[in-house]
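All remarks here apply to the structure that follows.
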Amino acid sequence: MKIPSVKGTRDFYPDVMSVRNFIIDGWKGASVRSNFVEYDGPIFEYLTMYQQKSGDEIASQLFAFTDRGGRDLAIRPEITPTLARMVNQRINALPKPIKWFSVPRLCRAERPQKGRLREFFQWNVDIIGVDDVLADAETIFCAVDYLRQVGLTSSDVAVRISSRKMLAVMLKTLGIADEQLNAVYAVLDKRSKIPAEAFEKILAEAIADEVVRSKVAELMAVESVEQLDLFAAGNQKCIDALDELKQLFSCLESMGIADYCKFDIGIVRGLAYYTGVVFEIYDTSSSLRAICGGGRYDNLLADFGGPKISATGFGMGDCVLAILLEEKGLLPKASGLGTVDCYVACLDEELRQKSVKIAAKLRASGICAEFSYKSGNLGKQLKQASALNAKSCIILGQEFKQDGKVVLKDMAEGSQQIIAIEELFKQMQS
RNA sequence: GUGAGAGUAGCUCAGCUGGUUAGAGCACCGGAUUGUGGAUCCGGGGGUCGGGGGUUCGAAUCCCCUCUUUCACCCCA
């Protein structure tokens with residue numbers, strides 16, 4: 001019976017696997033450059049860990065199961081709760097700031113579509129214990145540093161940044177009540193994603209008062225931090241919140257990534273736990289969903305039973321990123337081949353064990369060596385060496401039987417020399 | 001969860017309004033070629049036409065169900 005692969009999953013054949021590794025190696029490299037250290041947690045956790053943060057709605061998008069001891073568990077749909085749990089458990093022992101990253105494999109039971117699968121990898125970078133926009137800036141830097149390193153320029157991608165704190169203060173100043181905030185956020189988050197008329201309609205549903213509504217609409221039309229000064233005028237809370245945002249942009253400037261970053265008051269982010277800076281990274285040309293999203297979440301550790309410690313970070317998934325890199329031609333050619341330094345061919349059956357022995361000896365000294373499973377027909381073996389993209393080829397024939405010499409062939413040049421095998425080992429080791 | 005399109009060899013696809021044994025290119029394997037590779041030529045293996053049911057003398061083709069996939073909506077931690 002043929003068993004198909006499961007909906008929304010991918011098979012990583014060697015050529016595809018090399019792309020996955022390319023992406024993940026890049027992520028890890030960028031993390032390490034900014035001195036983040038790697039952690040990981042279990043692939044499943046208690047179901048309630050995800051429910052308490054995100055509500056029951058989210059539970060339907062989880063892969064949940066009950067184990068034999070009756071525990072309700074779920075495969076992790078994100079790693080932030082695990083991070084919060086791990087950090088809380090050792091909060092007193094961990095030196096601050098905590099700068100951690102991870103590349104977890106995550107599962108969400110959503111309907112697959114472009115840039116979204118049921119199983120994927122997500123780069124997570126977080127700084128815990130720093131209540132300063134410099135930390136927000138550093139996580140953004142880390143993301144941009146990766147994107148830049150992989151070849152995406154500021155005309156390919158843009159970081160759109162806003163602040164929940166600033167937005168909250170401004171909205172309250174304009175007459176929005178505390179308990180209305182989350183509903184208004186949800187509407188504002190849609191602003192750039194739906195047509196203007198549709199936006200006005202749902203905004204009208206969320207804010208009944210026409211005067212307040214027009215002021216909010218005016219606020220949302222703001223295109224720069226400077227324009228916000230008008231709204232903040234005279235209100236100290238607003239001025240403070242704005243200062244923080246200005247400070248953030250000044251950090252980004254110092255970090256040399258200002259050209260990638262722009263203020264966008266429409267960036268709100270779906271869920272409630274963000275408390276300060278929020279940002280999303282988009283590709284500027286096509287209309288893919290966000291490549292990356294993150295922000296400050298100062299209450300999360302406390303929500304998970306720990307002390308109140310500030311935190312900020314982001315997640316970047318592999319699916320949208322891979323589509324973008326593919327579109328831009330920034331993925332390496334996927335061959336699915338290894339990197340053979342030396343292919344050992346032999347011309348007659350008596351020499352086969354010798355060829356295996358030589359290959360094994362090369363391998364033992366750190367050289368990637370391959371041998372032929374068949375003796376004879378040299379043309380065929382060279383063909384195989386070519387197909388494997390071997391850099392060089394050792395040929396065992398008469399001269400080896402007579403006085404221990406082999407032909408060493410450079411596969412790119414086509415040139416070859418006769419050399420004593422012992423001499424060859426010496427050369428290869430140096 | 002809702003809606004729409006698609007599914008023929010490992011991949012990209014052809015296959016007319018239903019009609020013999022379902023084809024091509026690429027890939028793979030073998031041979032030409034038992035001491036010189038990437039080329040060329042020749043040959044070969046591979047398919048219950050996604051699966052199940054129905055209509056029909058006859059189904060890859062028409063109908064229904066289901067699975068997968070693509071795209072959009074919901075959601076997006």
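Model, not experiment: these values are computed from the prediction. Every chain is numbered from 1 and lettered A, B, ... according to where its sequence line falls, protein lines coming before strand lines.
Taking each heavy atom of A:Leu382 and A:Lys409 in turn, the nearest pair found is CD2-CD, 4.2 Å. Nearest heavy-atom pair across A:Asp318 and A:Ile23 is O-CD1, 4.4 Å.
Contact annotation for A:Arg269: backbone-only contact, meaning every heavy-atom pair under 4.0 Å involves sugar-phosphate atoms and none involves a base. Residue contacts for A:Gln122: at a heavy-atom cut-off of 4.0 Å it reaches no nucleic acid atom on any strand shown.
Remark: C1' of B:A27 and CG of A:Leu337 are 13 Å apart, rounded to the nearest angstrom. Distance CG (A:Leu388) to P (B:G38): 14 Å, rounded to an integer number of Å. As rounded to whole Å, 12 Å separates atom C1' of B:U34 from atom CD of A:Gln398. A:Asp15 places its CG atom 13 Å from the P atom of B:C28, with the value rounded to the nearest Å. Atom P of nucleotide B:A77 and atom CE of A:Met316 are separated by 15 Å, given to the nearest angstrom. For the pair A:Gln61 CD and B:C75 C1', the interatomic distance rounds to 5 Å; values are reported in whole Å. To the nearest angstrom, C1' of B:A77 lies 15 Å from CZ of A:Phe63. Taking atom CZ on A:Phe12 and atom C1' on B:G10, their separation rounds to 19 Å, with Å as the unit.
As the counterpart of B:U20, no nucleotide is assigned, since no Watson-Crick or G-U wobble pattern has both distances under 3.5 Å. Remark: B:U56 base-pairs with no nucleotide; criterion is Watson-Crick or G-U wobble with both hydrogen-bond distances under 3.5 Å. B:G44: Watson-Crick or G-U partner is B:C28, with both key distances under 3.5 Å. Nucleotide B:C76 is matched to nothing when pairs are restricted to Watson-Crick or G-U wobble geometry with both distances under 3.5 angstrom. As the counterpart of B:C71, B:G3 is assigned, both hydrogen-bonding distances of the Watson-Crick or G-U wobble pattern falling under 3.5 Å. Across all strands shown, nothing is found opposite B:A39 as a Watson-Crick or G-U wobble partner with both distances under 3.5 Å. Of all nucleotides present, none satisfies the Watson-Crick or G-U wobble test against B:U33 with each distance under 3.5 Å.
To the nearest whole angstrom, the two C1' atoms, one in B:G5 and one in B:A77, are 30 Å apart. Here the separation of B:U55 from B:A59, taken at their P atoms, is 11 Å to the nearest Å. Going from the C1' atom of B:U8 to that of B:A4 covers 23 Å, rounded to whole Å. Of the C1' atoms belonging to B:C57 and B:C74, the separation is 50 Å, rounded to the nearest Å. For the P atoms, the distance from B:U70 to B:C13 is 14 Å, rounded to whole Å. The gap from the P atom of B:G3 to that of B:G19 amounts to 33 Å, rounded to the nearest Å. Rounded to the nearest Å, the gap between the P atom of B:G18 and that of B:U56 is 16 Å. Rounded to whole Å, the separation between the P atoms of B:G23 and B:G47 comes to 14 Å.
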Review item, side-chain donor-acceptor pairs of residues 355-366 of chain A, under 3.5 Å, at least two apart:
{"from": "A:Ser355", "atom 1": "OG", "to": "A:Arg352", "atom 2": "O", "distance (Å)": "2.7"}
{"from": "A:Arg363", "atom 1": "NE", "to": "A:Ala369", "atom 2": "O", "distance (Å)": "2.9"}
{"from": "A:Arg363", "atom 1": "NH2", "to": "A:Ala369", "atom 2": "O", "distance (Å)": "2.9"}
{"from": "A:Arg363", "atom 1": "NH2", "to": "A:Glu370", "atom 2": "OE1", "distance (Å)": "3.4"}
{"from": "A:Ser365", "atom 1": "OG", "to": "A:Lys361", "atom 2": "O", "distance (Å)": "3.4"}
{"from": "A:Ser365", "atom 1": "OG", "to": "A:Leu362", "atom 2": "O", "distance (Å)": "2.9"}

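Under the 4.5 Å side-chain criterion, counting only non-hydrogen atoms from C-beta, A:Tyr282 is in contact with A:Ile267. In this structure, A:Tyr39 and A:Thr82 have side chains that are not in contact, with every pair of non-hydrogen atoms separated by 4.5 Å or more. Side-chain atoms of A:Val157 and A:Tyr260, non-hydrogen and from C-beta on, do get closer than 4.5 Å to each other. A:Arg71 places a side-chain heavy atom less than 4.5 Å from the side chain of A:Tyr46. Annotation: side chain of A:Leu147 is in contact with side chain of A:Leu321 (closest heavy-atom distance under 4.5 Å).
Each of A:Pro77 and A:Gly397 has a nearest nucleotide on RNA chain B; the 5'-most of these lies closest to A:Gly397.
Within a heavy-atom distance below 4.0 Å of RNA chain B, the residues of residues 367-386 of chain A found are A:Lys374, A:Asn377, A:Leu378, A:Gly379, A:Lys380, A:Leu382, A:Lys383, A:Ser386. Taking every heavy atom of residues 343-361 of chain A and every atom of RNA chain B, pairs under 4.0 Å involve A:Leu347, by number. RNA chain B is contacted by A:Gly414, A:Gln416 of residues 413-421 of chain A, taking any non-hydrogen atom closer than 4.0 Å.
Under 3.5 Å, the side chains of A:Thr9 and A:Glu119 contain no donor-acceptor pair of N or O atoms. When only modelled atom types and interatomic distance are considered, A:Asp410 and A:Ser392 share no side-chain donor-acceptor pair under 3.5 Å. Side chains of A:Tyr297 and A:Asp303: no donor on one and acceptor on the other come within 3.5 Å. A donor-acceptor pair shorter than 3.5 Å cannot be found between the side chains of A:Ser18 and A:Asn21.
For A:Glu110, counting side-chain heavy atoms from C-beta on, the closest listed nucleotide (B:G35, B:G37, B:C76) is B:C76. Side-chain atoms of A:Arg116 lie closest to B:C75 of the nucleotides B:G35, B:G37, B:C75.
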Just the atom pairs and distances: protein N or O near nucleotides 68-72 of chain B's N or O, under 3.5 Å.
{"from": "B:U69", "atom 1": "OP1", "to": "A:Gly8", "atom 2": "N", "distance (Å)": "2.7"}
{"from": "B:C71", "atom 1": "OP2", "to": "A:Lys114", "atom 2": "N", "distance (Å)": "2.7"}

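Of the options A:Lys401, A:Lys354, A:Lys374, a salt bridge (charged side-chain N to carboxylate O under 4.0 Å, His left out) to A:Asp348 is made by A:Lys401 and by none of the others.
Residue pairs meeting the salt bridge (Lys or Arg N to Asp or Glu O under 4.0 Å) criterion with at least one partner in residues 376-394 of chain A, sequence neighbours excluded, are A:Asp341-A:Lys391.
Note that A:Arg20 lies in the cation-pi zone of A:Phe12, set by a 6.0 Å cut-off to the ring centre and a 45° limit from the axis.
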**Worked verdict on A:Trp27 versus A:Phe121 for ring-ring contact (aromatic ring centres under 6.0 Å, His included)** = CA-CA 11 Å; A:Trp27 284 345; A:Phe121 295 87; 8.1 Å; no
